[in-house]
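As a basis for the values below, the full set of heavy atoms in this structure was taken, side chains included, without hydrogen atoms, waters or symmetry mates. Chain A is the first sequence line, chain B the second, and so forth, proteins listed ahead of strands; every chain is numbered from 1.
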Protein chains: 2
Amino acid sequence: MESLTDRIRRGDVLAAACPSRAILRHMTSQWGVLVLLVLRERTHRFSALRRRIDGVSERMLAQTLKLLEGDALVRRVAHATVPPHVDYSLTPLGEEAAAHVAQLTDWLEVNVSRIIGSDAAIDA
Amino acid sequence: MESLTDRIRRGDVLAAACPSRAILRHMTSQWGVLVLLVLRERTHRFSALRRRIDGVSERMLAQTLKLLEGDALVRRVAHATVPPHVDYSLTPLGEEAAAHVAQLTDWLEVNVSRIIGSDAAIDA
DNA sequence: CCGCATCCTTTAAGATACTG
DNA sequence: CAGTATCTTAAAGGATGCGG
């Protein structure tokens, strides 16, 4: 039987105390997913991200970006100009992560109709 | 310029009103991800899922399962026995979804060290 | 002006006792 | 055993302020 310490060392997302759990939460958070997706196309500034990601609040966008930056998935470059100009882009690590996220969303966008069409599909 | 209606018809996750947004939220929710992962191995009953997914509460597990069932990703089979016995498994659609989720978590488990090791990695 | 930080309200998550 | 009802706690959303 594998010990908890071993599972954490392995990066097991099923272990609550494993750091991978937190990173997974950031990446797959409601806005984290969309931020990664949008940054995958190109660098965006804060306000551009906000406009692109329909429904996100300034507060949540800022928080999400900070978390992803803390996980070394997103790079933040602030230009010391007036008015301020801050560019967000993916790190190499972030591009790998975002690629996986994009696979998921691509699959979803293609298959939404199968889900909505199914008789199990009840809204919630 | 593409209209909002067209984007929704296309399943665009960036459109807040698109059904794909809600499904994406369910799939990538904190517990949704882990439920899909665990069900990918095999059918589990409620209590087994609860034990396997470290940290999940009964309430959240029940809610997550209901949402995923509503999205036709999870199948719920209740046996009319005393004591009750309910089996949860993936639908074919759910297996496709779970496969993408697993790709993401597999990548993460392999690369956590790169993230934790990076100097950007601040916990939050 | 833009990119946040802060404050406050609203909503969702977590713990747990309880029922069919 | 597999949930639901209820209560408590934390996180999300909105409005506003402020420094660069």
Side-chain angles (χ1 to χ4, degrees), chain A residues 14-17 21-35 38-39 43-71 74-89 122-124, chain B residues 14-17 21-35 38-39 42-71 74-89 120 122-124:
Chain A
L14 292 176
R21 256 302 249 292
I23 301 168
L24 183 63
R25 262 208 323 273
H26 305 163
M27 288 178 55
T28 63
S29 71
Q30 175 171 196
W31 306 118
V33 169
L34 302 180
V35 163
V38 170
L39 287 186
T43 297
H44 281 73
R45 44 191 302 191
F46 188 87
S47 49
L49 278 172
R50 177 146 163 55
R51 262 177 282 112
R52 196 83 211 294
I53 301 172
D54 190 24
V56 73
S57 67
E58 289 190 355
R59 190 181 169 280
M60 280 299 102
L61 181 56
Q63 183 177 118
T64 303
L65 286 167
K66 229 190 267 184
L67 288 173
L68 294 178
E69 194 195 351
D71 293 339
V74 163
R75 181 174 32 236
R76 178 184 184 277
V77 178
H79 303 279
T81 57
V82 176
H85 181 122
V86 181
D87 281 326
Y88 290 95
S89 55
I122 320 147
D123 34 8
Chain B
L14 292 175
R21 261 294 256 291
I23 300 167
L24 183 63
R25 263 208 322 274
H26 305 164
M27 288 178 55
T28 63
S29 70
Q30 176 172 193
W31 307 118
V33 168
L34 302 180
V35 164
V38 169
L39 287 185
R42 68 188 128 81
T43 297
H44 281 72
R45 36 195 308 192
F46 189 87
S47 49
L49 278 172
R50 179 147 164 52
R51 265 176 280 113
R52 195 83 211 293
I53 300 173
D54 189 23
V56 73
S57 68
E58 290 189 353
R59 189 180 169 280
M60 280 299 102
L61 181 56
Q63 185 178 112
T64 303
L65 285 167
K66 233 189 261 185
L67 287 173
L68 294 177
E69 194 196 351
D71 293 339
V74 164
R75 179 176 31 237
R76 179 183 182 278
V77 179
H79 299 93
T81 57
V82 176
H85 181 122
V86 181
D87 282 327
Y88 289 95
S89 56
I122 318 148
D123 34 6

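- Considering every non-hydrogen atom in both B/H26 and B/S29, the closest pair reads O-OG, 3.0 Å.
- Counting any heavy atom pair closer than 4.0 Å across all strands shown, A/V86 reaches sugar-phosphate atoms only and no base atom.
- Checking the phosphate oxygens (OP1, OP2) of C/dC4, no side-chain nitrogen or oxygen of A/K66 falls inside 4.0 Å.
- Taking atom NE2 on A/H79 and atom P on C/dG3, their separation rounds to 10 Å, with Å as the unit.
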* To do: Do nucleotides 14-20 of chain C as a string where each nucleotide becomes B, S or -: B if the base has a protein heavy atom under 4.0 Å, S if just the sugar-phosphate does, - if no protein is that close.
  => BB-B--B
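- Rounded to whole Å, atom C1' of C/dC4 lies 12 Å from atom CD of A/Q63.
- Distance A/R76 CZ to C/dC2 P: 16 Å, rounded to the nearest Å.
- Using the six-membered ring where Trp is involved, B/Y88 and B/F46 have ring planes that are tilted, between 30° and 60° apart.
- When DNA chain D is scanned 5' to 3' for any atom under 4.0 Å from a heavy atom of chain B, the first and last hits are D/dC1 to D/dT6.
- Considering CG of B/L24 and CG of A/L34, their distance stands at 6.5 Å, rounded to 0.5 Å.
- Of the candidates C/dG3, C/dC1, C/dA13, the closest approach to any side-chain atom of A/P83 belongs to C/dC1.
- With values rounded to the nearest 0.5 angstrom, A/R21 atom CZ is found 6.5 Å from B/Q30 atom CD.
- For the pair A/Y88 and C/dC4, the criterion of a side-chain N or O lying under 4.0 Å from OP1 or OP2 is met.
- The minimum heavy-atom distance linking A/M60 with A/V56 is given by the pair CB-CG2, 4.2 Å.
- Across all non-hydrogen atoms, the minimal contact from A/S89 to A/T43 is CB-OG1, 3.3 Å.
- A/L49 approaches A/H44 most closely through the heavy-atom pair CG-CB, 3.7 Å.
- What you find for B/L14 and A/D54 is that their closest heavy atoms are O-CB, 2.9 Å.
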